[in-house]
Amino acid sequence: MRLDGTSFQKLVWSELLSIPIGEVRTYKQIAEAIGRPRSYRAVANACGANPYAPEIPCHRAIRSDGRIGGYSAKGGLSRKLELLERESMQSNQK
DNA sequence: CACATGACCTAAC
DNA sequence: TGTTAGGCCATGT
């Protein structure tokens with residue numbers, strides 16, 4: 001797939017794609033995974049800047065306190081919740 | 001180059 | 001448990 005964005009965004013999106021179905025990662029964890037433990041803020045930005053949602057699982061990015069956080073893509077937070085719940089069921093073979 | 005923005009994080013009250 | 005304040009980073013204007 002073609003990823004159009006800055007090198008940093010590509011890193012973030014690649015990491016998002018590596019997240020297994022039904023799993024979620026905090027923005028901080030993602031930042032650490034790409035080698036920039038203090039760029040969690042920018043990571044969130046990259047997610048919001050992601051024009052390939054939901055092809056890019058940006059909805060698997062949540063806050064460190066376990067809360068969903070936000071979602072700028074079409075459909076809003078409810079869309080994010082649906083995707084997460086659906087993937088969760090899929091991973092549980094429900 | 002300087003300033004403002006945001007799907008954040010942590011500590012402190 | 002809810003709010004405030006400070007710090008941090010890539011991006012866009």
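Chain letters run A, B, ... following the sequence lines, proteins first and then strands; every chain starts at 1. These numbers come from a predicted model, not from an experiment.
The hydrophobic clustering, which links ILVMFWY residues whose side-chain heavy atoms are closer than 4.5 Å, places A:I56 and A:L83 apart. In the hydrophobic cluster analysis, where Ile, Leu, Val, Met, Phe, Trp and Tyr join through side-chain heavy atoms closer than 4.5 angstrom, A:I62 is grouped apart from A:V43.
Contacts of A:Y71 classified as ring-ring contact (aromatic ring centres under 6.0 Å, His included), with partners at least two apart in sequence or in another chain: none.
At whole-Å resolution of the value, OH in A:Y27 and C1' in C:dC9 are 15 Å apart. One interatomic measurement links the two molecules: CD1 of A:I30 to C1' of C:dA10, which rounds to 15 Å at whole-angstrom precision. Separating the CZ atom of A:R79 from the C1' atom of B:dA7 is a distance of 16 Å, rounded to the nearest angstrom. We find that CG of A:N45 is positioned 12 Å from P of B:dC9, with the value rounded to whole Å. The CZ atom of A:R67 sits 10 Å away from the C1' atom of C:dT1 (whole-angstrom rounding). Atom P of nucleotide B:dA7 and atom CG of A:L77 are separated by 10 Å, given to the nearest angstrom. Following rounding to the nearest Å, A:Q9 (CD) and B:dA7 (P) show an atom-to-atom distance of 15 Å. When the P atom of C:dA10 is taken as reference, atom CG of A:N50 falls 18 Å away, rounded to whole Å.
The minimum heavy-atom distance between A:P20 and A:R60, with the atom names listed, is O-NH1, 4.0 Å.
Nucleic acid contact class of A:S72 (heavy atoms, under 4.0 Å, all strands): base. A:F8 comes within 4.0 angstrom of sugar-phosphate atoms only, judged by non-hydrogen atoms across all strands, and of no base.
Residues A:G5 and A:R41 each lie close to DNA chain C; by heavy-atom proximity, the contact nearer the 5' end of the strand is made by A:R41.
Just one residue in the list A:E15, A:Q29, A:K10 forms a side chain to side chain contact (heavy atoms under 4.5 Å, CB included) with A:I34, and that residue is A:E15.
Side chain of A:R38, nearest nucleotide from B:dC8, C:dA10, C:dC8: C:dC8.
In this structure the side chain of A:R36 reaches within 4.5 angstrom of the side chain of A:L11, judged on heavy atoms.
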Please enumerate all protein N or O atoms sitting under 3.5 Å from an N or O of nucleotides 10-13 of chain B, with distances to 0.1 Å.
residue	atom	partner	partner atom	Å
B:dT10	OP1	A:K28	NZ	2.6

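Annotation for A:I21: hydrophobic cluster partners, listed by chain and number, are none (ILVMFWY side-chain heavy atoms under 4.5 Å, direct or chained).
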